[in-house]
Asks: 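The structure follows.
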Amino acid sequence: MITTWTERHLAGHWSLRRRILHADGTVWTLTGVARFCPLDDGLRQIEEGTLTGPGGARIHATRTQLWRYADTTVEIAFADGRPFHRLALGAAMARVRHFCPPDAYTGRFTAQGADLWWSFWRVVGPRKDYRMQTRYTRSGAP
């Protein structure tokens, strides 16, 4: 079982499945890939996939985040470098928070082995109200 969120563990390709449940009952799903590519000070996480919603609506979706490593943490930032949250190294489960006034994000990251991990987010506020669950499974894809 992995016990850290290290560069060595995350580097490479992952398949991802995401479910987004909105407060009104609307469900969107994302099926795609996540690539963790080396940077001088960490990794660039690039996600791509197809977001499918009510009535079969389909949207091509992408997301990029930066994972920068320090002694005991990894700082996760948006693609433009703005801070998002941090994970403590050395634990298979981490809880995080992010405030984007007026909305608040509460997250949990859980590793279930070397080839499987999850992220769970609860987002609430006047502009957003949803739960998001993502499953990452190691992929051999180039």
Side-chain angles (χ1 to χ4, degrees), residues 1-139 141:
M1 170 131 182
I2 71 156
T3 57
T4 64
W5 303 99
T6 64
E7 297 168 80
R8 192 172 124 213
H9 170 255
L10 290 173
H13 293 79
W14 298 79
S15 297
L16 74 88
R17 292 202 42 89
R18 179 171 292 143
R19 183 174 188 270
I20 306 164
L21 172 61
H22 291 269
D24 66 3
T26 304
V27 176
W28 288 80
T29 59
L30 177 78
T31 303
V33 296
R35 295 184 318 275
F36 286 83
C37 308
L39 294 171
D40 288 340
D41 59 351
L43 297 167
R44 180 183 316 272
Q45 176 187 5
I46 303 165
E47 295 183 354
E48 292 185 80
T50 301
L51 188 61
T52 305
R58 295 170 61 89
I59 300 168
H60 179 74
T62 62
R63 176 171 84 165
T64 299
Q65 294 180 336
L66 306 173
W67 291 56
R68 294 201 169 103
Y69 288 84
D71 290 337
T72 61
T73 62
V74 56
E75 303 281 337
I76 299 166
F78 296 104
D80 63 6
R82 287 177 298 122
F84 185 24
H85 62 87
R86 84 176 52 149
L87 296 175
L89 298 177
M93 197 276 290
R95 294 188 186 277
V96 298
R97 293 183 60 85
H98 172 75
F99 296 100
C100 186
D103 303 311
Y105 294 66
T106 303
R108 186 177 83 238
F109 288 71
T110 304
Q112 291 188 313
D115 299 324
L116 174 63
W117 61 282
W118 297 81
S119 69
F120 303 89
W121 287 97
R122 175 71 174 118
V123 182
V124 293
R127 296 183 303 189
K128 299 175 184 173
D129 191 355
Y130 65 87
R131 295 176 188 271
M132 183 168 70
Q133 171 182 305
T134 306
R135 177 183 181 179
Y136 296 86
T137 307
R138 187 169 308 281
S139 168

Asks: Report the C-alpha separation of Tyr136 and Glu47 in whole Å, then their side-chain angles, then the decisive distance to 0.1 Å, and conclude whether the side chain to side chain contact (heavy atoms under 4.5 Å, CB included) test is met.
Replies: CA-CA 11 Å; Tyr136 296 86; Glu47 295 183 354; 2.6 Å; yes

Asks: Aromatic rings Trp117 and Phe109: how do their planes relate, parallel, tilted or perpendicular, breaks at 30° and 60°?
Replies: parallel

Asks: Between Arg19 and Trp28, is there a donor-acceptor pair closer than 3.5 Å when you use the side chain of the first and the backbone of the second?
Replies: no

Asks: In the structure I gave you, are the side-chain heavy atoms of Arg95 and His85 within less than 4.5 Å of one another anywhere?
Replies: no

Asks: Give a yes or no on whether Arg122 atom CZ has more than 12 heavy-atom contacts from other residues, nucleotides or ligands under 6.0 Å away.
Replies: yes

Asks: Flag the pair Gln45 / Trp14 as yes when at least one side-chain heavy-atom distance between them is below 4.5 Å, and no otherwise.
Replies: no

Asks: Give, for atom CZ of Phe84 and atom CD1 of Ile76, the distance between the pair rounded to the nearest 0.5 Å.
Replies: 8.0 Å

Asks: I need the Thr29 OG1 to Gln133 CD distance, nearest 0.5 Å.
Replies: 12.0 Å

Asks: Looking at Asp103, is its backbone amide N or carbonyl O close enough to the side chain of Arg127 to form a donor-acceptor pair, meaning the two atoms are under 3.5 Å apart?
Replies: no

Asks: Return the CZ to NE2 distance between Arg86 and His98, rounded to the nearest 0.5 Å.
Replies: 13.0 Å

Asks: Taking C-beta and beyond as the side chain, do Leu39 and Tyr69 meet within less than 4.5 Å on heavy atoms?
Replies: no

Asks: Apply the test side chain to side chain contact (heavy atoms under 4.5 Å, CB included) to residues Glu48 and His60: give CA-CA distance (whole Å), side-chain angles for both, the deciding distance (0.1 Å), then the verdict.
Replies: CA-CA 7 Å; Glu48 292 185 80; His60 179 74; 3.8 Å; yes

Asks: Working to the nearest 0.5 angstrom, can you tell me the gap between His13 NE2 and Ile46 CD1?
Replies: 9.0 Å

Asks: Looking only at heavy atoms, what is the nearest atom pair of His9 and Arg138, with distance?
Replies: O-NH2, 2.7 Å

Asks: Any heavy-atom pair between the side chains of Thr72 and Leu89 that's under 4.5 Å?
Replies: no

Asks: Hey, could you give me the CG/CD distance between Leu43 and Glu7, rounded to the nearest 0.5 Å?
Replies: 5.0 Å

Asks: Rounded at 0.5 Å granularity, tell me how far CG in Leu30 sits from OG1 in Thr62.
Replies: 10.0 Å

